[in-house]
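Each chain gets a letter, A, B and so on, in the order its sequence line appears, and its residues count up from 1.
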There are 2 protein chains.
Amino acid sequence: MILPEKTVSRLSEYRRILLDCLSKGQTHIFSHELANLNHITAVQVRRDMMLMGFSSMQRKGYDIKELIGAIGSLIDTPDGLNVAVIGVGNFGKAVTGYFRGKRSKLNIVATFDVDSEKVGRVVGGVKCYHVDNLPKLLKKLKISIGILTVPPEYARSMAEILTDNGVKGILNFTTVPLNMPDHVFLEEYDMITSIEKVAYFVKNHGGGKKSFSKATDASKQ
Amino acid sequence: MILPEKTVSRLSEYRRILLDCLSKGQTHIFSHELANLNHITAVQVRRDMMLMGFSSMQRKGYDIKELIGAIGSLIDTPDGLNVAVIGVGNFGKAVTGYFRGKRSKLNIVATFDVDSEKVGRVVGGVKCYHVDNLPKLLKKLKISIGILTVPPEYARSMAEILTDNGVKGILNFTTVPLNMPDHVFLEEYDMITSIEKVAYFVKNHGGGKKSFSKATDASKQ
DNA sequence: AATTTATTGTTAATTTTAGAACAATTATTG
DNA sequence: CAATAATTGTTCTAAAATTAACAATAAATT
């Protein structure tokens, strides 16, 4: 079963919240609690649960551990996926550090840069290689997802190297919109768009809205 | 006229693309060209133009300069808005540097941190102040938008300080979901959700989709 | 100048997404 | 143990967003 994209995003958000609850010792959660924490309605939570085929203990709420497991079995890949970060500037470092051990099924196994200061060193717990080694290492390390955090002028050429060497999904944080072959899933996020949106609604509403920034679906139509 | 949130996001994306085209000397663009560059359909571009009340020169495409101006007059604030970045780690530095001069109507006027190594120095072109000065400086500098890039444990307290001191919009890059008063526009972005979405569609489609990561609308319902 | 071609603006249809409503179920209370 | 209250699962409805379709227009071609 393929879940709607919006549902996949929400499942990921639910899990983030649930892991947080779990770490605080909470064992069960009601639909309206999860909804409030995620700025959505309880109905939507229940509909998502239904879509997942997940049931609660009536009147006790959802079992948090079970739900985390259920979400994992739907959105994770059993054997995990290997991820590379291309470009170890501030953003690349932030992304790499951010992930550190957060998701067992997604492993950042390498970072790449051109700067000899960085190459060979360990950044955010992950070794940095020279970009020249990309083709070789992408295959050798079986990397299927690439995160692009390079300066704009390198975005397209790096993306090409990625897709030419077996990468099946790209998360593009550069300002350059990419065009990918059909078999590559592309997700792009531009923080300027996020802040311009905030600015627009600050200007026009004087606030009064709540919004979750999601990466734009850049899939082939 | 208040534009739909999705349209606002797209207008911002259009402008990013148009500015790039302009810098390459291009003067006009067809709806299908703009659509391809933004991974959407030409119909959607034309509908957005209609919503904006913007017209092209028939058969010549849209005048890029005019269109940039039209988008600006809709989504920018004439006098500009002041922005602060809270938390000068890798992510905060990335955000600050990323913005440098990119949008004349959005000015990052200050950054804040607790680290005495950073306080008093200029980071990414912007002066860093100690967090203790937040209440005073938020008012003094008339900051209306805050970007949160602090460690998760500080997210809620910082958000509170922001809203208590006149901030009307928050872009939350921490992993902590926030709850804001109704008059504050909140936009949240979690990169883990983005990459989990990529992973899901890599696993299930073997690619074949295109997606733009947008910040989730966290507005009050 | 007539014909063809390309492109837009707009209406109508479709699809996707979210919400309201409510019966069913089970804990809790008296 | 009956009554009450709380919560879910689900269907039906509504709203939002996207796409399809096509007449209108203007450039290009003959």
With respect to the side chain of Val43(B), which nucleotide from dA21(D), dA17(D), dA18(C) is positioned closest? dA21(D)
Nearest to the side chain of Ser56(A), heavy atoms from C-beta on, is which of dT8(C), dG9(D), dT7(D)? dG9(D)
Please state how far atom CG in Asp48(B) lies from atom P in dT19(D), giving the value in whole angstrom units. 11 Å
Candidate nucleotides dG19(C), dT7(D), dT17(C), ranked by approach to the side chain of Phe30(A) - the nearest: dT7(D)
Quick one: ring-ring contact (aromatic ring centres under 6.0 Å, His included) partners of Phe91(B), sequence neighbours excluded? Phe91(A), Phe173(B)
How far apart are the C-alpha atoms of Tyr98(B) and Thr175(A), what are their side-chain angles, what is the distance that settles it, and do they pass the side chain to side chain donor-acceptor pair (under 3.5 Å) test? CA-CA 9 Å; Tyr98(B) 194 86; Thr175(A) 52; 4.9 Å; no
Among dA18(C), dT8(D), dT11(C), the one nearest any side-chain atom of Met50(B) is dT11(C)
dG9(D) phosphate, OP1 or OP2: any side-chain N/O from Ser55(A) under 4.0 angstrom? yes
Ignoring the backbone of Ser31(A), work out which of dT17(C), dG9(C), dT8(D) is nearest its side chain. dT8(D)
Grab the NZ-P distance between Lys6(A) and dG19(C) for me, whole Å please. 11 Å
Please give, in whole Å, the distance from dT7(D) P to Leu34(A) CG? 14 Å
Residue pair Tyr62(A) / Glu33(A), side-chain heavy-atom distance below 4.5 Å: no
Under 4.0 Å between a side-chain N or O of Gln44(A) and OP1 or OP2 of dT17(C)? no
Confirm from the modelled atom types if Arg47(A) and dG9(D) form a donor-acceptor pair under 3.5 Å, side chain to base only. no
Say whether Tyr154(A) and Thr174(A), considering side chains only, have a donor N or O and an acceptor N or O under 3.5 Å apart. no
Protein proximity profile, nucleotides 22-30 of chain C - base contact B, sugar-phosphate-only contact S, no contact -, cut-off 4.0 Å on heavy atoms: ---BBB---
Check the surroundings of atom CD in Glu160(B): do more than 12 heavy atoms from other residues, nucleotides or ligands lie under 6.0 Å from it? no
In whole angstroms, how far is the C1' atom of dT8(C) from the NE2 atom of His28(B)? 14 Å
Result for salt bridge (Lys or Arg N to Asp or Glu O under 4.0 Å) between Asp48(B) and one of Arg10(B), Lys6(B), Arg15(B) points to Arg10(B)
Considering heavy-atom distances to DNA chain C, does Ile29(B) or Pro4(A) have its closest nucleotide positioned more toward the 5' end? Ile29(B)
Is any side-chain heavy atom of Tyr14(A) less than 4.5 Å from a side-chain heavy atom of Ile71(A)? yes
